[in-house]
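Computed from heavy atoms alone, side chains included, the values below leave out hydrogens, waters and symmetry copies. Indexing begins at 1, ligand by ligand and atom by atom, following the structure's order.
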Amino acid sequence: MAGAGPRFTGPISCGMAKPRILTGDTPTGRLHLGHWVGSVENRVRLQEQYDCFFLLANMHAYTTRADKPAEIRRDTLEIVKDWLACGIDPEKSTIVLQTEVPAIAELTWFFAMLIPFNRVMRNPTLKTEIETKDLGDSYSFGFPMYAVGQCADILAFRPELVPVGEDQVAHIEMCREVARRFDQVYCAVDPQTEDSDYPARGGVFPIPRALVGRVGRLIGTDGRNKMSKSLGNAIFLSDDAKTIKKKVGQIFTGRQSLTEPGDTRNALFDYVRIFIKDEARVKELERRYAAGDNIGDGHVKAEVAEAIDALTAPMRARRAEFEKPGGDEAVIEIIRAGTARANAVAEETLYMAKEKMGLGFGRRVVR
Ligand code: TRP
């Protein structure tokens with residue numbers, strides 16, 4: 001569970017306004033259990049303590065699927081439905097559509113000039129994506145640019161915390177570098193300054209910290225790779241009980257008989273430990289499995305599937321509300337209201353940044 005900063009200890013700044021959180025998802029399909037344990041669970045939990053901004057990174061979807069606008073639009077609405085299903089409350093938190101926040105696009109340009117091209121291309125998350133998505137050497141110019149864009153997504157909201165899955169930590173590290181650089185170059189912050197002191201020393205940008213969820217990297221039902229839609233090893237938050245059962249049933253352990261002592265360091269037992277809430281039951285299953293005490297994979301799988309269903313059934317119920325006629329319109333209304341609020345914050349940030357850059361020519365209004 002690597003974080004890009006010190007361990008999470010709660011909000012630092014306890015002034016009048018709540019400290020902010022910014023995080024988001026690229027609309028690539030529905031959310032799965034990996035999203036939940038990696039980040040979404042944290043977001044739902046932190047809604048009270050923080051002023052939360054949850055970004056729909058739809059621009060980023062175009063970096064690899066520019067020819068699929070209808071799919072991207074559908075996936076964008078699906079993500080909002082998943083967020084609402086998970087308990088993200090638009091009364092408390094702000095849902096933001098990236099392509100309707102012009103300040104993000106503008107900051108992306110400025111930040112692109114504060115980071116060496118080769119530093120971006122060395123970003124390990126980008127490199128992994130180029131391999132796993134088989135992008136070869138024909139990916140768009142905009143593809144690596146999204147990593148710079150992500151710095152702008154975050155910094156436009158000057159947040160303290162960024163709840164993300166482990167795969168995103170490299171991006172947050174780059175964002176921290178950009179924030180330090182901006183503050184040093186344009187706000188005369190001393191490079192020796194502690195990360196937590198940048199705003200106090202006159203920096204426009206705080207140096208935000210990554211917050212990785214209780215499971216940074218959830219293994220998929222293939223028992224081998226990270227859970228991911230494109231690998232076909234994902235259990236979606238919207239899967240029904242029968243589908244969950246079927247998918248959990250596919251987890252392969254290689255164990256032969258009920259009386260064979262089993263190794264609990266397998267994917268199936270990862271799921272036991274992650275999703276079965278009753279600690280005593282987890283210990284009992286581990287003990288019997290390890291001893292070969294007349295317990296089969298099938299039995300363990302049934303309990304895992306039941307635990308996952310107990311977690312996701314209330315999500316499915318909330319989601320159903322937005323799957324009725326008029327659901328898309330309700331979602332679009334939530335996006336519009338949130339994005340209006342987000343623009344007020346992002347415009348303020350851009351104004352502050354431009355002033356420091358010698359680009360202060362008066363305020364403008366984005367409606
Ligand atoms: N890159 C993230 C992902 O694929 C999505 C994202 C875009 C994001 N902008 C962000 C996450 C800013 C955190 C902060 O999941």
Is there a donor in the side chain of T28 and an acceptor in the side chain of T26, or the other way round, less than 3.5 Å apart?
-> no
How about Q184 and Y198: does a side-chain donor come under 3.5 Å of a side-chain acceptor?
-> yes
Which of the ligand 1 atoms, numbered from 1, are nearer than 4.0 Å to a heavy atom of [X]:
X: V164; value: 13 (C)
X: L22; value: 12 (C), 14 (C)
X: H60; value: 7 (C), 9 (N)
X: A57; value: 7 (C)
X: L55; value: 9 (N)
X: I154; value: 12 (C), 14 (C)

Checking a contact table here: which protein heavy atom is nearest [atom], and how many Å away?
atom: atom 2 (C) of ligand 1; answer: Q168 OE1, 3.1 Å
atom: atom 9 (N) of ligand 1; answer: D153 OD2, 2.6 Å
atom: atom 4 (O) of ligand 1; answer: T26 OG1, 3.1 Å
atom: atom 8 (C) of ligand 1; answer: Q150 NE2, 3.4 Å
atom: atom 13 (C) of ligand 1; answer: T23 OG1, 3.5 Å

So does D167 pair up with R217, basic N to acidic O under 4.0 Å?
->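 Not counted as a salt bridge, because no side-chain N and carboxylate O are separated by less than 4.0 Å.
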If you measure from the Lys or Arg side-chain nitrogens to the Asp or Glu carboxylate oxygens, is any gap between R316 and D309 under 4.0 Å?
->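 D309 and R316: salt-bridged.
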Ring-ring centroid check F205 F111, cutoff 6.0 Å =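 That pair passes the under 6.0 Å test.
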Taking side chain as C-beta onward, heavy atoms only, is Q98 less than 4.5 Å from L56?
-> no
Given side chains that start at C-beta, do those of T253 and Y289 come closer than 4.5 Å, heavy atoms only?
-> yes
Just wondering, are more than 12 heavy atoms of other shown residues or ligands nearer than 6.0 Å to CD in E306?
-> no
